[in-house]
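Structure, as C-alpha cells:
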Amino acid sequence: LNNYEKNITNCGDAFSLDQRVQFVQNLPSIVGITRDVSHFVIDILSSAQDEEGIEGAYGEWGTFQGKFLISLLLNAKSRELEKGIFVADAFEKLVEHGGNPGGGTGCKSCFERQLEHFAPGSLRHVRYFHQDAKTISSNTITRLGVQVPFRLVSIDGDHSEEGTVRYLCIASQLMQPGAILIV
C-alpha cells in the first residue's frame, strides 16, 4: 500500500491525486466485497486505456455499496462522468426481485454515502436501474440517459449462469473497442 501511494498517478481529471490517495489509504475500512488488490489492477488497466485514448461511460451490475465502482470512477475524466454512470442493483429489494442475497444485499443510502465521500460529485451522474435485472436491455441503458459506449463495465449482479450471460451480451453490445469488461 505504501509503495502504491508513492507511485500512484492521476490518470483522470475528475478526481484529484489527494482524493485517490485517500481512497487507497482507507481501502481496508471501506465497506465492500472486493479484494483490495482489485483496485490496483483497475488503475493499471485504466492507465493502459488512457495511453490508447480510450474514453467512455462507466457501468456496474451489482454495486453492493460501491467500493469497486469508486475505484473505476477515480480514474475517470470529468467528461466521462457526464456521460452517466449506469448502476443496476436492487439494493434492499434484492429478494423481491429474485436476486441472490448470498452475493450481498446492498444498501442504497450506504452506496450513496460512500460514493459521495470518495468520489464527490459523481452521484449526480448515476443512472439507476432498480427493477428486476432480467428485464434490462441495451435500450434500457440508453433510455436511462447513459451515453454509451462504455469504457469500463463491472458485472457482479445476478450470480447465476443465465444472468451473467445475459449481462455479458447486453454489455458487449454497448462497449467500444478497447473497453474493459470485468466479471
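Of all heavy-atom pairs spanning Val146 and Ala57, the tightest one is CG1-CB, 4.0 Å. In terms of heavy-atom proximity, Ile85 sits nearest to Ser122 at CD1-O, 3.7 Å. Here the shortest heavy-atom pairing between Asp13 and Ser78 reads OD1-N, 2.7 Å. Residues Phe15 and Pro120 approach most closely at CE2-O, 3.4 Å, considering heavy atoms. Taking all atoms of both residues into account, the shortest heavy-atom contact from Ala171 to Val153 is CB-CG1, 4.2 Å.
Counting heavy atoms from C-beta outward, Arg151 and Tyr58 have side chains that approach closer than 4.5 Å. When side chains are defined from C-beta on, Gln49 does not count as touching Asn75, because their heavy atoms never get closer than 4.5 Å.
Not counting sequence neighbours, the partners of Glu162 by the side-chain contact (heavy atoms from CB on, under 4.5 Å) test are Ser160, Arg166. In this structure, the ring-ring contact (aromatic ring centres under 6.0 Å, His included) partners of Phe111, at least two apart in sequence or on a different chain, are Phe91.
Of the possible polar contacts, none joining the Thr63 side chain to the Glu60 backbone as a donor-acceptor pair under 3.5 Å is found.
Salt-bridge annotation for Asp89 and Lys108: absent, with no side-chain N of the basic residue lying under 4.0 Å from a carboxylate O of the acidic one.
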Next on the checklist: Between Ile155 and Ile182, does the side chain to side chain contact (heavy atoms under 4.5 Å, CB included) criterion hold? Intermediate values first, please.
Outcome noted: CA-CA 6 Å; Ile155 296 178; Ile182 301 148; over 6 Å; no
Acceptor/donor pairs from residues 28-37 side chains to any protein atom, 3.5 angstrom cut, sequence neighbours excluded:
residue, atom, partner, partner atom, Å
Ser29, OG, Asn26, O, 3.0
Thr34, OG1, His39, NE2, 3.1
Asp36, OD1, Lys67, NZ, 3.2

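Between Leu144 atom CG and Arg127 atom CZ the span is 8.5 Å, to the nearest 0.5 Å. Interatomic distance, CG of Leu168 versus CD of Gln173, reported as 11.5 Å (0.5 Å rounding).
If you look at Trp61 and Phe86, their ring centroids are closer than 6.0 Å.
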